[in-house]
Amino acid sequence: MTDSFTARLRARFDYWLRTAPPTRLIVSSFLLVVALGTLLLLLPFSTKAPLKPLDALFTAVSATCVTGLVAVDTYSTFTGFGQAVVLAMIQIGGLGLVTFASFFTLSFTRRQDYRTLQLAGESVSSSGLAEAKGLLSMVVRLAAGFELAGALLMLPVFVPQYGPEGIWIAFFLAISAFCNAGFDILGRTVPYASLTGYVHNWYVQAVLMFLIIAGGLGFIVWVDLMEWPKRRRLRLQSKVVLLFSAVLTLGGALCFALLEWRNPATLGALSGPDAAMASLFQSVSARTAGLNTVDLASLFSLTKLLMCILMFIGAAPGGTGGGIKVTTVSVLLVTVLCVARGQEDAVMFGHRIGKKTVYRALTILLGGLGAVAVAAVAMFYNTSSAVSEIDSMFEAFSAFATVGLSVGVTATMQAAAKLVTILTMFVGRVGPVALAISLAGSTPPSAARAVLPEGHVNVG
């Protein structure tokens, strides 16, 4: 009887794997990692002191969604094993469980059926099934290469300072930075201090900024750059990502410096060169790494608003960063400019952008703003009375954009606010549109083929 039930259950599971939409499988894979990670973090030898189940769940979601918001300090709370569990969730969450599963399936079983390639393509945001296998292999190799290089470059700093433990710190930070996670294990003297102790160390900041940018650009862009010597051309997506990323990074650093230059609690206490470096680091980290070298709680309100905008925009699609993506914002900006000029279609670099892409970008924007609004209200009414509206907004944007920068709100959250933040981080990581698609049923064929009369509504 038991064997028969197990066989039926396995058959139904296999059928679901074969027929479920790729988006639904990807969302389910994140839930699986979160569940397993939560159980591992609750083990007695994972923590230095008993951990509440809600805090374990919060940490697992934050790590898997490569966010970096923490309810408890990573170093002070978790043992070496617990830290390794957190790091494993960061790595799996950064690249995606489906990415790893598809990679090993294609590498070791040599299966190249349509379903496997479809999942691989969806997991790495490839433009077609033909390039999915090659891009998938490139993703894993690039990630390993960048993380190893970053760790080796940081060894000369952390090993002399912390001894053999510095090796673990270097690798932890390298993986966390490349995956745009924002976790660190530097809370040895001051919990939740992040990189504030390295605000004068340009070398560490430069290495981490390179890793953050490398993970946030997206793997398709890196493949394009590697093939540039042969092809001498870039895809449209690569051009858009590189241009808008440069503008946002440099523009964000300039605005941050102008707003905070005279703030004695942040840049005002630093020398000119150190302040400029700190401004650049925070501009890079806001999209979407979650590491900070200055006290974010002491920022002026306008600076916090600037950081909210940078966090919400985020990194590029197909990478380890979050946010609504620079391509989403670029499509909407170009659409507005083209409509203002009287053009019917959005045009970028000589290419017409399809209306379906514009509609999807608008849906992502409005869905993201809605999620942030709900989270901000929940945080404001379920945290300390000392938390202001702008701080609640900051934390909500950070959660949705999977950034991990904090102005201290997370540490004072009540249970309801933590649950809302958990949901916000998850929605931000998988994407509001992807989550909606995964939860929705299939569209009836008759509805898909229906031809409706055109309506007219005055706008503006």
Side-chain angles (χ1 to χ4, degrees), residues 22-43 46-47 51-72 74 77-78 81-103 119 122-125 139-140 143 147 172-185 215-216 288-291 314-315 318-323 371 375 398-406 410 418-432 434-435 438-439:
T23 305
R24 187 174 299 172
L25 285 177
I26 292 173
V27 171
S28 300
S29 72
F30 277 99
L31 289 174
L32 176 63
V33 176
V34 167
L36 181 59
T38 301
L39 292 175
L40 290 175
L41 291 179
L42 286 173
L43 294 175
S46 292
T47 58
L51 183 66
K52 296 178 181 178
L54 182 58
D55 289 339
L57 175 62
F58 192 100
T59 303
V61 172
S62 185
T64 305
C65 297
V66 288
T67 303
L69 288 176
V70 291
V72 293
T74 307
T77 304
F78 298 106
F81 176 80
Q83 294 170 21
V85 171
V86 171
L87 190 61
M89 287 189 288
I90 290 172
Q91 184 71 88
I92 294 174
L95 300 185
L97 179 60
V98 172
T99 300
F100 284 107
S102 301
F103 172 75
L119 275 174
E122 187 75 24
S123 64
V124 295
S125 300
V139 164
V140 176
E147 291 168 356
F172 191 102
L173 276 178
I175 295 174
S176 178
F178 179 78
C179 291
N180 282 225
F183 278 83
D184 68 86
I185 48 174
T288 59
L291 299 169
T320 59
S398 181
F400 174 79
T402 67
V403 178
L405 294 176
S406 176
T410 303
K418 287 182 180 179
L419 290 172
V420 171
T421 305
I422 287 171
L423 181 60
T424 304
M425 290 189 292
F426 186 78
V427 171
R429 181 65 181 103
V430 302
L435 183 62
S438 68
L439 296 177

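This chain uses plain numbering: 1 for the first residue, then up along the sequence.
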Locate the shortest heavy-atom distance separating [X] from [Y]; write the atom from each residue and the value.
X      : Y      : answer
Leu69  : Ser62  : O-OG, 2.7 Å
Ala56  : Leu42  : CB-CD2, 3.6 Å
Gln91  : Cys179 : NE2-SG, 3.7 Å
Gly216 : Ala315 : O-CB, 3.3 Å
Val66  : Thr320 : CG2-O, 3.8 Å
Val70  : Thr410 : O-CG2, 3.3 Å

Output, in order, the C-alpha distance, side-chain angles, deciding distance and verdict of side-chain contact (heavy atoms from CB on, under 4.5 Å) for Leu87 and Gln83.
CA-CA 6 Å; Leu87 190 61; Gln83 294 170 21; over 6 Å; no
Determine yes or no for a side-chain-to-main-chain donor-acceptor pair under 3.5 angstrom, with [X] supplying the side chain and [Y] the backbone.
X      : Y      : result
Ser398 : Gly404 : yes
Thr64  : Ala60  : yes
Ser176 : Phe183 : yes
Arg429 : Phe30  : no
Thr288 : Gly322 : yes

Straight-line distance of [X] [atom1] to [Y] [atom2], nearest 0.5 Å:
X     : Y      : atom1 : atom2 : value
Phe81 : Leu43  : CZ    : CG    : 6.0 Å
Ile90 : Ile175 : CD1   : CD1   : 8.0 Å
Thr77 : Ile185 : OG1   : CD1   : 13.0 Å
Leu36 : Leu31  : CG    : CG    : 12.5 Å

With side-chain contact (heavy atoms from CB on, under 4.5 Å) as the test, would you mind laying out the steps for Leu423 and Leu419 before giving the verdict?
CA-CA 6 Å; Leu423 181 60; Leu419 290 172; over 6 Å; no
Quick one, Ile422 with Phe426, criterion side-chain contact (heavy atoms from CB on, under 4.5 Å). Give me CA distance, side-chain angles, the key distance, then yes/no.
CA-CA 6 Å; Ile422 287 171; Phe426 186 78; 5.7 Å; no
Side chain proximity check, Lys52 to Phe58, heavy atoms < 4.5 angstrom
no
Answer whether the closest heavy-atom distance between the side chains of Asn180 and Thr402 falls below 4.5 Å.
no
What's the verdict on side-chain contact (heavy atoms from CB on, under 4.5 Å) for Leu41 and Val86, showing C-alpha distance, side-chain angles and the deciding distance?
CA-CA 8 Å; Leu41 291 179; Val86 171; 4.1 Å; yes
